[in-house]
Amino acid sequence: MKNDVIVVGAGGAGLVAALHAAQAGAKVRVLTKDYPTRSQTCMAQGGINAVLSHSKDDSVEAHIQNTLKSAHGLASPEAVKLLCENAPEAVEWLDSIGVQFSRTFDAKIAQRRLGGASGDRACYAQDYTGLKILHTLYDKVLASPNIEIDSERYLLSIIKTDDGKAVAGVAVLNKRTGEQEHYFASSVILATGGYARIYNTYSTNSIGSTGDGCAVAIHAGARLSDMEFVQFHPTALKNSSILISESARGAGGHLLNSKGERFVNELLPRDEVARAINDEMAKGEDIYLDIRHLGEKFIDEELPQERKLAQLYEGIDPVFDLIPIKPVAHYTMGGIEVDENSMTNIQGLFAVGECANHRVHGANRLGGNSLLELIVFGREAAVNAAKLAKNNTLKTPSLAKNDQWILKNYNANPEIDFYKVREELGDIFYENVGISREKHKLQMSLERVKEHISNLDKMGVVDSSKIYNTNLIEFLEFKNMLELARLVLNGALDRDESRGAHYRQDFPHEDEKYAKHTIVDFNGVVA
Amino acid sequence: MRIKIQRESLVEYVVPELEGATLLEVLNHIKTKIDPSFTYSSGCRSSVCGSCSVRVNEREVLACAHKVNDGDVVTPLKNLEIIRDLVVNMDKALSFNVASRAWLKPLSDTPNLSQEDEKINEIQSDCILCGSCYSACPVYAVNEEFKGPFSLTRVWKYVSDKREGDAKDKIDVIQTDGVWDCTLCNECTLVCPQEISSKADIEKLRMKSAGYGYSDPNFANMNFDGGLSF
């Protein structure tokens with residue numbers, strides 16, 4: 001099937017891209033491995049940063065400076081400028097399509113403080129900001145006759161033109177039928193999300209954040225960059241790793257140790273707060289988030305989801321109790337390397353959202369900037385992709401039709417259970433590739449990951465069904481994560497310094513020598 | 001602890017008793033430790049993505065929010081095509097959002113919303129499209145084309161919004177297989193994990209419809225034989 005633009009992934013980034021590509025006149029097909037409203041974006045809670053005309057004591061310049069400071073020299077000033085300057089319009093657009101932002105008493109969009117920000121800058125919809133943005137985008141996509149959504153299609157590979165120079169489409173697995181399907185277009189936008197599920201249960205993320213787009217892109221010849229930068233969110237529930245929004249601290253919540261003492265300025269950027277918590281935990285302290293003093297009325301009004309989550313998953317009521325927390329993997333700054341047009345080194349292959357590296361977050365992302373990124377760069381990517389599609393006649397590649405049931409490629413009687421390895425990988429990463437890293441443990445972890453990679457043919461898929469084989473999907477996701485795990489480790493080992501979220505206890509300071517991006521392709525380090 | 005799960009037949013599993021475990025944790029245990037061919041959906045594991053809705057003891061729940069009990073019987077959602085085990089096909093149900101035109105048609109200038117304006121449909125915008133209400137709705141037994149609780153809640157969300165530019169268009173399309181087909185039984189409200197009442201939203205849509213000159217067709221079609229003649 002032919003389209004002008006294919007979007008893979010239907011979270012916030014994918015849906016924004018679809019809307020703007022359609023608006024630019026393209027026929028758009030959206031392919032997603034689940035359903036659009038089930039994507040990671042629904043879990044974003046805190047808000048979306050924008051300096052609005054009514055924002056007090058704030059400026060676009062301050063937004064730019066805060067973002068650059070938190071990025072520790074690894075953000076592009078031009079990209080950050082574009083991000084922050086377009087923020088007010090991005091929020092106005094969301095307002096115009098129906099997002100239920102919380103309001104001030106004088107009928108303005110309400111804003112609150114998040115870590116690392118010098119002003120109350122995050123526009124929010126209670127603590128359901130991502131959910132309400134995602135669903136509004138979805139409704140808007142349904143209104144467009146030029147966008148078709150195909151749910152439950154799992155990305156297998158990028159199809160290129162016969163000369164190998166440009167993208168020509170994608171191959172996906174239809175989860176419902178087990179058939180491989182080919183979709184053709186001269187512009188493909190990857191919006192497939194991050195890879196924080198490498199940390200398995202030590203991640204706030206949905207089980208789908210397995211880095212599929214990054215893994216598929218590097219196989220197709222694209223480059224990935226800054227993969228070693230993984231953000232740990234300071235406050236996830238201790239038992240379940242479920243996120244408690246930074247807005248709880250923004251509103252005045254305190255972090256306490258077992259003695260009931262505060263030990264860090266709670267509104268520093270996430271890397272610094274997470275490290276402070278990690279240090280306390282290393283001393284044997286349990287850590288708690290305390291929002292009791294904010295009062296029941298405020299909590300029910302501004303943080304209703306946090307209360308619900310703490311009650312349901314930690315068995316405590318934050319109106320009356322301390323919330324036990326731990327930092328876990330939350331956001332991956334690294335991703336598919338793109339240029340100022342959001343395009344990869346493969347003609348027509350674009351990337352946007354968490355799977356891409358637009359060089360706006362650098363070594364540490366600020367809360368409220370990821371929802372913003374997907375609105376601003378979702379549009380940029382879409383406009384460029386639609387333009388390229390318009391000026392290009394797609395030559396359908398002479399692709400051998402692949403009717404073979406994909407399961408035939410995998411071991412049906414595995415000696416090694418990949419679910420166990422997946423669990424071990426998460427444990428290793430949390431222990432050795434987490435908030436505090438050092439050479440020896442990174443090397444050990446890399447050896448272990450390489451061993452698992454060489455054992456992949458001893459792992460496989462037990463379920464033989466063609467229909468909705470989640471054992472197969474989970475194995476493919478696991479393979480992608482294992483591959484990206486190696487790149488995260490390589491990057492972390494090569495970077496003998498500490499910068500943002502990458503903290504090496506054996507090299508605790510920033511080193512000018514490393515004020516550069518780690519760029520890799522399938523054959524190894526490019527730059 | 002024993003739980004039963006509807007697959008091709010009802011299968012009993014013996015699982016370790018974990019204090020306060022959610023059903024989703026138990027499903028994950030079965031999948032990764034007992035039978036990798038067992039099939040279900042999940043995502044955020046924090047009640048916000050709507051992937052893991054199933055029925056436990058004939059009641060719709062999110063697996064990630066249900067604390068599992070010995071003897072629980074787990075079955076897939078109703079009124080939907082079952083793809084495999086607990087996985088259902090949501091396409092038909094979601095198509096009613098399109099049929100109901102459940103999106104904002106913007107005005108040329110976006111009006112400012114006050115706190116009160118935002119509160120009017122705040123809870124309706126908490127919907128996670130888990131399909132629990134759709135499964136619990138008895139109307140599908142008699143009308144498969146019923147636009148249904150979550151789509152009608154979405155319509156209410158938009159027609160009650162000051163930013164909506166064409167409420168009448170939405171009210172027009174929900175007259176057929178829409179607001180008047182609901183029996184107001186309230187099952188949708190009772191199973192909603194986000195505490196939304198589609199029944200109440202449908203009642204509000206009926207009033208709104210009356211404002212546009214529509215009335216209950218069931219009432220109009222009633223035969224008053226033997227009643228007063230005018």
Side-chain angles (χ1 to χ4, degrees), chain A residues 34-35 37-40 42-43 92 95-108 125-126 128 130-132 135-136 138-143 151-152 175-176 205-208 240 242-243 305 308-309 312-313 315 417 419-420 422-423 461-465 467-471 474, chain B residues 20 22 25 28 31-33 35-51 64-65 67 83-85 87 89-91 94-95 97-98 101-107 109-119 121-122 124-129 154 157-158 161 163-164:
Chain A
D34 292 308
Y35 291 89
T37 55
R38 296 183 180 180
S39 69
Q40 180 64 42
C42 73
M43 297 178 76
E92 278 163 29
D95 183 27
S96 79
I97 64 171
V99 173
Q100 288 296 14
F101 285 113
S102 296
R103 305 283 159 166
T104 62
F105 66 92
D106 56 350
K108 300 283 188 340
Q126 299 181 291
Y128 282 116
L131 175 78
K132 296 189 187 199
H135 280 247
T136 308
Y138 174 63
D139 293 346
K140 201 69 193 160
V141 163
L142 296 183
S151 295
E152 307 204 294
K175 285 162 73 172
R176 294 169 186 168
N205 284 196
S206 159
I207 59 157
S240 57
I242 287 168
L243 175 69
Q305 187 180 196
K308 178 178 166 176
L309 295 175
L312 194 53
Y313 297 105
D417 176 3
Y419 287 120
K420 283 196 184 125
R422 187 175 75 177
E423 206 175 306
V461 181
V462 175
D463 185 3
S464 59
S465 171
I467 309 299
Y468 220 92
N469 190 331
T470 51
N471 188 210
E474 285 165 359
Chain B
T22 64
E25 288 170 300
N28 290 339
K31 174 88 180 168
T32 59
K33 306 273 196 309
D35 183 354
S37 75
F38 167 53
T39 306
Y40 58 102
S41 294
S42 77
C44 73
R45 86 245 178 269
S46 60
S47 308
V48 75
C49 78
S51 305
C64 70
K67 298 287 158 78
I83 298 178
R84 190 179 174 195
D85 295 351
V87 177
N89 187 338
M90 289 293 290
D91 285 355
L94 293 172
S95 76
N97 284 339
V98 183
R101 297 185 196 164
W103 51 75
L104 191 87
K105 180 122 190 293
L107 293 159
D109 285 315
T110 310
N112 282 344
L113 264 53
S114 67
Q115 285 180 338
E116 292 69 35
D117 295 331
E118 188 267 328
K119 291 284 169 238
N121 52 16
E122 184 177 80
Q124 286 82 358
S125 65
D126 290 343
C127 173
I128 58 172
L129 287 179
R154 271 172 131 74
K157 181 181 108 168
Y158 287 117
D161 196 307
R163 297 168 292 186
E164 171 60 43

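In what follows, every chain begins at residue 1, and chains take the letters A, B, ... in the order their sequences are listed.
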Please look at [X] and chain A and tell me whether the side chain, the backbone, both or neither of the residue comes under 4.5 angstrom of a heavy atom of that chain.
X: B/R101; answer: neither
X: B/C64; answer: both
X: B/L107; answer: neither
X: B/N89; answer: both
X: B/Y158; answer: side chain
X: B/K33; answer: side chain
X: B/A102; answer: backbone
X: B/R45; answer: both
X: B/D35; answer: neither
X: B/S37; answer: both

Is the backbone N or O of [Y] less than 3.5 Å from a side-chain atom of [X], with the two atoms forming a donor-acceptor pair by type?
X: A/K140; Y: B/L104; answer: yes
X: A/Y35; Y: B/M90; answer: yes
X: B/R163; Y: A/D95; answer: yes
X: A/K108; Y: B/N112; answer: no

Segment of [X] engaging chain B (4.5 angstrom heavy-atom cut-off):
X: A/S39; result: neither
X: A/D106; result: neither
X: A/L142; result: both
X: A/S464; result: neither

Any heavy-atom pair between the side chains of [Y] and [X] that's under 4.5 Å?
X: A/Y128; Y: B/V48; answer: yes
X: B/N121; Y: A/Q100; answer: yes
X: A/Q126; Y: B/S125; answer: no
X: A/D139; Y: B/K157; answer: yes
X: A/D34; Y: B/S51; answer: no

When only pairs under 4.5 Å are counted, which of [options] shares the most heavy-atom pairs with chain B?
options: A/F101, A/Y138, A/Y419; result: A/Y419
options: A/R176, A/M43, A/E152, A/K175; result: A/R176
options: A/V141, A/V99, A/L309, A/L243; result: A/V99
options: A/I97, A/D417, A/V462; result: A/I97

Out of curiosity, [X] [atom1] to [Y] [atom2], how far, rounded to the nearest 0.5 Å?
X: A/T470; Y: B/F38; atom1: OG1; atom2: CZ; value: 8.5 Å
X: A/Y468; Y: B/T39; atom1: OH; atom2: OG1; value: 9.0 Å
X: A/C42; Y: B/I128; atom1: SG; atom2: CD1; value: 8.0 Å
X: B/L113; Y: A/T104; atom1: CG; atom2: OG1; value: 11.0 Å
X: B/N28; Y: A/I207; atom1: CG; atom2: CD1; value: 7.5 Å

Within a reach of under 6.0 Å around NZ of A/K420, are more than 12 heavy atoms found that belong to other residues, nucleotides or ligands?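 Not buried by this count: 12 neighbours or fewer within 6.0 Å.
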Go through the side-chain N and O atoms of A/Y313 and B/T22 and say whether any donor and acceptor fall under 3.5 Å apart.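 B/T22 and A/Y313 do not have a side-chain donor-acceptor pair below 3.5 Å.
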Ion pair B/D126/A/K308, N-O distance below 4.0 Å: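 No, no charged N to carboxylate O under 4.0 Å.
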Pair B/D117 + A/R103, salt bridge at N-O below 4.0 Å: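 Answer for the salt bridge query: no.
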